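Since the structure comes first, as structure tokens, the remarks are kept for the end.
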Amino acid sequence: MAKEAYDVNKMPKKNPLSLQIDLQKFEKATDEEKHQAEVMSESTSFFRDGMRKLRRNPLAMFSIVVLILIILMITIVPIVVPYSYSDIITVNGKRDKSATNMAPFTYSKLEQQYIDEGGKVFPHIMGTDELGRDYFVRVAYGTRISLLVGVFASAIVLIIGVLYGSIAGYFGGKVDLIMMRIVDVIYSLPDLLMIILLSVVLNEVLKFNGNGILARLGTNMISLFIVFGLLYWVGMARLVRGQILTIKQNEYVLAAKVSGAKSSRIIRRHILPNCISVIIISAALQIPSAIFTESFLSFISLGVKAPMPSLGSLASAARSGITTYTYKLVFPALMIGLITLAFNLLGDGLRDAFDPKLRR
Amino acid sequence: MAEEKNILSVVDLHTTFATDKGEVMAVNGVSFNLAAGKILGIVGESGSGKSVSAYSIMQILEKNGSIKSGQILYKGEDITKWPESRMRDFRGKCCSIIFQDPMTSLNPVFTIGFQLKEAIKLHTNRTGKEVEKRAIEMLELVGVNEPEKRIHQYPFEFSGGMRQRVMIAMALACEPDILIADEPTTALDVTIQAQILELMKDLQKKLGMAIIMVTHDLGVIAQMADEIIVMYGGRVCERGTAEDIFYRPCHEYTKGLLRSIPNIDSMGKRLEPISGTPINLLNMPKGCAFCPRCDAAMKICLEQQPPETRTVDGHLASCWKAIQAEIEAGMIHVEAPGSGT
Amino acid sequence: MNMNYKPNPENLVEVNDLKMYFPIKTGLFSTTPLKAVDGVTFAIKPGETLGLVGESGCGKTTVGRALIRLYKPTDGDVFFDGKRVDDKSILGLRKDMQMVFQDPYSSLNPRMTVEDIIGEPLDVHHLYTSKADRREQILHLMELVGLNAEHATRYAHEFSGGQRQRIGIARALATNPRFIVCDEAVSALDVSIQAQVINMFEDLQKKLGVAYLFIAHDLLVVHHISKRIAVMYLGKMVETADADELNSNPMHPYTTSLLSAVPYPDPKIAKSSKRIILEGDVPSPLHMPSGCPFRTRCKYATEQCAQEMPKLTDRGNGHMVACWNK
């Protein structure tokens, strides 16, 4: 049964609460005493507050740990493991032709012989591929290439997109109109076709000599970067423009204008700092998408030039023996999955922590 | 028991919100009665818990909010224990709410008529033509011209004042006993505000429902309310009739509030504001919530929450200053601490 | 623009027939002008407060913004201290004309500390000799608006609405202006805080001699702070008078109903008084009624009202009214 309804008329005319009252306390409180009751909360900047939120997000923290582990792996593994990504395993100075398609942690006949003789052979953690190359090193190199492509492509997208978008957004009017129509046109170009055409053309035009990183990556990769630079920034440009259009509406921008601040100062001090978090978040989300594109292109053999591996080309090569040597597909696929998942979760975490629209 | 019947009683309501900076007690032991057919005004500043109290009654709190303890008795039944299915029936049929912003309370992709008819269909057995008739009737009731034509229009074709009229029509469509109005005129211009307030008073007389008027505007409350509750920091400071509150305020906060608004008498004079900054619910003082800003604060105010007592004038307030006056008037018997039970 | 117009040297700010039209797209290539402000004239003396009231959409905010040239007026003249305000002269006048905004939440950059927000006008106009001088000036300004010096390194989002508005006022005062446009500067604040800020505006005026254009929709507040009040309706000025005169003897039917609609915080007055409830809504500024814009809601409206907009004429003691019938 519910308690009896609250009834003001039942309030006693005299009540026994007086027992607790100390008449001594009915004297005026000093300002100091009052001030003690009123404390302002601890000062936090926008950034620190965001970091605190990010640290509380277990998925984002997990992603950061995974990414750090992956980066450690791709820097340390090629140094520690005594095999190279492009060379067939040699035992005691002799090429080991029998060491092809080995399962993880197994040794070929030659190696076994050598170990029996007392020599030391570094284990093949992920086995070897069909040409007898250590798969672990190849996966590590592949991850390195994929990550490099991802970060580099996002950087291109970031720079071009932010510049273009902020110019269109800040100046508005006709400038905006024309610039955004160009963006619309670029949006409608088929990216895959562009990559194929560019790589064909670049193959003819560019003839790489020597052993530079560009030469080893091959023209396909260069055309991939160019295509990113040409096409993929449009999304970022639209985002930045939209952000700036909203920020421009804020009264603090008007206040800066009233103060007499010039456009450059307003962009630098007011507009960019307020859209930087959204830009960083979207750049973080751009990385996995670039890695995906690269993997996909490598998979249809438009990616890196052999013998340089990338996760996509490794997966593609593993296709032929998928029933017998399943692990060869599993390892690169797992890496792609881990990287993209980690970046996506991290991006989401960053958004939750830093996006002003989600803040309360 | 009082002569008039209480249709709604709120008893010692505590509502909290879980935020990432800790739990916030937005409503901290609020009790009040709503008599059938009366207008109860809840007045307070932002963060006083006035809207949260209203939302608690409807149980339409945000996800992170919950009623921690207390009872809400509707016709003697505790609705905090009702399942969601029963609450859905309660909302609309027994108790309706109108919100501050008429611009966002209506769905822009449906016609006014569609939304109004939905509200009618949900809670009554009317069908087809009857619903349409009722919808037109309701629009006419709230003073929308040419309701037959306007029923087919979309919200963007209505002005702010007209939309608020439609919201009232929707809220009243199922003849609820209680109408909660959460800052119904804050987003409107004064001339439109006058229209809407007039309309609400007329409808109250015509339909006889009870109204809970939640607002920060003392002018609006003075015009509308029979009974007034003044809230600060999630607690009730003072309650009484409109005359009690405006002419015989006892709580220091109520007094300060009335002094701080520009009035006919205050023209040309300096206003007397309440000093300090609004309360931070994350950082509540141990004693009276208002004491850090109170000019008359005493030592006891800092240490102990004031109990609600009957003031010298006969209404109720929770203020040590008022209690002091009551002691002096011999209304409260004081014994030295330590003696007695 | 009337190049021959000579401003009165007694006035600090003088606005003559200000017009501000915004082009609204009605088709692919066609636009219709939205007449936000349509021929507004007023003057403010040094150290004086002019209150500008009206309902939302009446153009009062646009007047304020066009006045300090956040917008480029379509037509009309604005003079400050006898000088014509145009694109060139405004650069030199920015220091003297400042603005306080309505929304204490969006008017402060969330990424800047209080110190940097208040210091921005100082930075822009290079008004300090050294870092220490800059800091000293900022602390002085903070003291002036009642903020603690220890708040200087905090960010705006840590403050309550009233404190944020104080920060905004300190920023406006940084360049030592002679004129401040207060655009609904107290509307978003809680009642108890509103009074603090109103008092501060009054104190600052006494201390520094600044003139205000106080734009608000709350007649009680405007009446309290202003010496003169101007009432706007749909981009036009319908009545200006001394505050007390306007309150006791409103002439324009719109002002009368506006005054009667004010909810007085006094139950006896509020419940007893016979209100003039205006019928209908404000017409859209895109489809302005011909002649006097108020005629659609005015009970005195005649044929003449539909044909021609009445001129603002002096009815004695500077009480100006634009109405055919009153």
Side-chain angles (χ1 to χ4, degrees), chain B residues 43-48 145 158-162 185 187-195 197-199 201 216-225 228 241-243 245-247 253 256-280 293, chain C residues 53-58 146 159-163 166 186 188-200 202-203 217-225 243-244 247 254 257-273 275-284 297:
Chain B
V43 66
E45 298 177 279
S46 47
S48 64
N145 295 328
F158 280 61
S159 67
M162 278 296 151
T185 57
L188 304 174
D189 286 317
V190 265
T191 57
I192 309 296
Q193 166 171 293
Q195 289 175 2
L197 292 181
E198 203 70 10
L199 172 75
K201 269 181 139 175
H216 71 277
D217 192 327
L218 286 160
V220 169
I221 220 93
Q223 192 184 338
M224 297 288 289
I228 295 176
T241 62
E243 284 73 23
I245 300 294
F246 279 92
Y247 303 136
Y253 174 63
L257 209 54
L258 288 168
R259 274 198 300 262
S260 67
I261 41 173
N263 209 322
I264 301 176
D265 309 326
S266 74
M267 293 305 162
K269 285 184 225 150
R270 226 179 122 76
L271 294 174
E272 290 177 55
I274 299 174
S275 60
T277 54
I279 193 152
N280 178 0
R293 298 176 68 189
Chain C
V53 285
E55 297 180 282
S56 53
C58 75
F159 293 90
S160 64
Q163 284 172 313
R166 285 167 193 268
V186 297
L189 304 176
D190 273 324
V191 229
S192 68
I193 307 298
Q194 218 174 40
Q196 292 177 5
V197 177
I198 291 171
N199 276 354
M200 199 174 66
E202 288 178 340
D203 292 347
H217 64 267
D218 188 334
L219 260 171
L220 283 172
V221 168
V222 171
H223 183 192
H224 187 92
I225 200 167
D244 293 327
N247 201 47
Y254 176 64
S257 49
L258 201 60
L259 279 169
S260 121
V262 172
Y264 279 96
D266 188 323
K268 272 188 196 144
I269 299 178
K271 280 177 181 156
S272 68
S273 68
R275 267 159 212 292
I276 308 165
I277 306 274
L278 272 186
E279 295 285 315
D281 283 306
V282 187
S284 150
R297 299 169 79 192

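All heavy atoms count here, side chains included; hydrogens, waters and symmetry mates do not. Lettering of chains follows the sequences in order, A, B, ..., and the numbering in each one begins at 1. Since this is a predicted model, take the numbers as computed values, not measurements.
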Do Val190(B) and His217(C) make a side-chain contact, defined as non-hydrogen atoms from C-beta onward lying under 4.5 Å apart? no

Nearest heavy-atom pair of Ser160(C) and Pro278(B): which atoms, and what distance? OG-CD, 3.8 Å

If you measure from CG on Asp218(C) to CD1 on Ile261(B), what distance do you get to the nearest 0.5 Å? 10.0 Å

Contacting region of Ile192(B) [heavy-atom separation from chain C under 4.5 Å]: both

Could you check whether any side-chain heavy atom of Gln194(C) comes within less than 4.5 Å of a side-chain heavy atom of Ser260(B), counting everything from C-beta outward? no

Heavy-atom cut-off 4.5 Å, strictly under: side chain, backbone, both or neither for Ser56(C) against chain B? both

Verify whether one side chain among Thr277(B) and Gln163(C) offers a donor that lies under 3.5 Å from an acceptor in the other. no

Show the nearest heavy-atom pair for residues Gly276(B) and Gln196(C), with the distance to one decimal. O-NE2, 2.9 Å

For Glu198(B), is it the side chain, the backbone, both, or neither that has a heavy atom closer than 4.5 Å to a heavy atom of chain C? side chain

Looking at every non-hydrogen atom in both residues, tell me the closest pair between Ala261(C) and Thr191(B) and how far apart they are. CB-CA, 4.0 Å

Check each atom of Tyr253(B) against the heavy atoms of chain C and say whether the ones under 4.5 Å are side chain, backbone, both or neither. neither

Under 4.5 Å heavy-atom distance to chain C, tell me which part of Gln195(B) shows up: side chain, backbone, both or neither. both

Just give me the residue among Asp203(C), Val262(C), Val221(C) that pairs up with chain B most often, heavy atom to heavy atom, under 4.5 Å. Asp203(C)

For Ile198(C), is it the side chain, the backbone, both or neither that has a heavy atom under 4.5 Å from a heavy atom of chain B? side chain

How long is the span from the CG atom in Leu220(C) to the CG atom in Leu218(B), to the nearest 0.5 Å? 11.5 Å

Partner chain C: residue of Ala225(B), Gly256(B), Gly219(B), Ala194(B) with the largest heavy-atom pair count (under 4.5 Å): Gly219(B)

Tyr264(C) backbone acceptor or donor facing Gln223(B) side chain under 3.5 Å: no

His224(C) side chain to Arg270(B) backbone, donor-acceptor under 3.5 Å: no

Tell me the closest heavy-atom pair linking Ala242(B) and Pro267(C), and the distance in Å. O-CG, 3.8 Å

Heavy-atom proximity to chain C below 4.5 Å, by part of Lys269(B): backbone

